[in-house]
Amino acid sequence: MIGSHPDAPASLRPPLPRLLTRAELPRDTIALARFLLGKIVVRRLEGGLATGRIVETEAYLDGDPACHAYRGMTPRNRSLFLDVGHAYVYRCYGTCWMLNVSSEAPGTGAGVLLRALEPLRGIEHMRRARARASVKDLARGPGRLAEALRIDRSLDGIDLLRRGDLWIGSDGARTGAVGESVRIGLTKGAEARLRYYIAGSGFLSGSRTLNR
DNA sequence: TCGCGGATGAACT
DNA sequence: GTTCATCCGCGAG
């Protein structure tokens with residue numbers, strides 16, 4: 001855990017991650033799901049920045065019955081059809097928001113669900129929304145991740161490759177071994193092994209058996 | 001540690 | 001009216 005106090009002098013704070021460029025993102029959805037592991041989500045909140053390392057993703061492919069774009073474009077899912085690197089945010093089960101990164105070329109509906117973060121910076125800001133959660137549980141699961149970072153519909157469609165209220169960067173950290181499993185919680189397309197995670201991370205959702 | 005059920009709201013059929 | 005990529009708390013083992 002690398003968090004630091006919000007009032008610390010700037011020189012003592014970890015540097016901001018480098019912004020990713022659109023050119024370096026794979027347009028292939030599976031490749032993007034793997035590429036995003038180890039990258040850093042940066043959220044600008046009142047009070048300061050909150051950041052976390054992506055440790056778990058799921059791929060939702062073109063032509064995949066589990067993908068929201070499967071039946072074509074609708075008002076809800078149109079962000080999935082944007083060029084790679086835009087946010088698709090939707091509400092699930094009435095209570096949770098989900099953050100996805102659009103993948104593929106413009107006009108193709110596919111994306112990567114961000115399922116878990118290792119909190120890095122601004123943990124106290126994330127705790128404002130999730131006061132009862134331990135650091136380990138702050139962003140362990142897609143609904144928790146969105147709650148900790150206060151992500152909602154207002155961020156749907158934004159470009160994640162610009163320094164704004166929500167963006168994705170890299171600190172150059174290398175990702176170790178990547179595990180894969182079936183995706184979690186699905187009723188359609190449940191057999192496909194399209195979930196990816198940083199092996200051994202202590203911040204993963206899912207059961208033990210899925211994470212080995 | 002696991003599995004269960006309720007809460008909850010919007011999109012879609 | 002049905003579906004849903006979740007979370008939380010509870011109770012059993």
For Watson-Crick and G-U wobble pairs within 3.5 Å on both distances, what is DNA chain C written in dot-bracket notation, | included for inter-strand pairing? ||||.|||||||.
Among residues at least two apart in sequence or on other chains, which ones pass side-chain contact (heavy atoms from CB on, under 4.5 Å) with [X]?
X         : result
Arg183(A) : Glu58(A), Tyr60(A), Asp64(A), Ala66(A), Leu186(A), Ala192(A), Leu194(A), Arg195(A)
Ala116(A) : Val55(A), Glu56(A)
Ser102(A) : Leu82(A), His86(A)

Residues in side-chain hydrogen bond (donor to acceptor under 3.5 Å, both in side chains) contact with [X], at least two apart in sequence or another chain:
X         : value
Arg44(A)  : Asp165(A)
Asp62(A)  : none
Arg27(A)  : Asp83(A)
Ser170(A) : none

dC4(C) OP1/OP2 closer than 4.0 Å to side-chain N/O of Lys188(A): yes
Just N and O in the side chain of Thr187(A): are any of them under 4.0 Å from OP1 or OP2 of dA5(C)? yes
Below 4.0 angstrom, N of the basic side chain to O of the carboxylate: do Arg128(A) and Glu46(A) qualify? no
Can you measure [X] atom [atom1] to [N] atom [atom2] for me and round it to whole angstrom units?
X         : N       : atom1 : atom2 : value
Tyr93(A)  : dT3(C)  : OH    : P     : 12 Å
Asn100(A) : dC4(C)  : CG    : P     : 16 Å
Arg183(A) : dT6(C)  : CZ    : C1'   : 16 Å
Asn77(A)  : dA11(B) : CG    : P     : 11 Å
His68(A)  : dA10(B) : NE2   : P     : 16 Å
Tyr60(A)  : dC4(C)  : OH    : C1'   : 11 Å
Arg153(A) : dG9(B)  : CZ    : P     : 13 Å
Glu58(A)  : dT6(C)  : CD    : C1'   : 12 Å

State which residues pass salt bridge (Lys or Arg N to Asp or Glu O under 4.0 Å) with Arg34(A); sequence neighbours excluded, sorted by chain then number. Glu180(A)
Of all of residues 31-42 of chain A, which get a heavy atom below 4.0 angstrom from DNA chain B, listed by number?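 Under 4.0 Å from DNA chain B: no residue of residues 31-42 of chain A.
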On DNA chain B, compare the nucleotides closest to Met73(A) and Gly94(A); which residue's is nearer the 5' end? Gly94(A)
What string of B, S and - do you get for nucleotides 7-13 of chain C, 5' to 3', when a contact is any protein heavy atom under 4.0 Å? SSS----
Whichever hydrophobic residues join Val182(A) through chains of side-chain contacts under 4.5 Å: Ile184(A), Leu210(A)
Measuring from Ile198(A):CD1 to Phe203(A):CZ, what's the distance to the nearest 0.5 Å?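 Taking CD1 in Ile198(A) and CZ in Phe203(A), the distance rounds to 11.0 Å.
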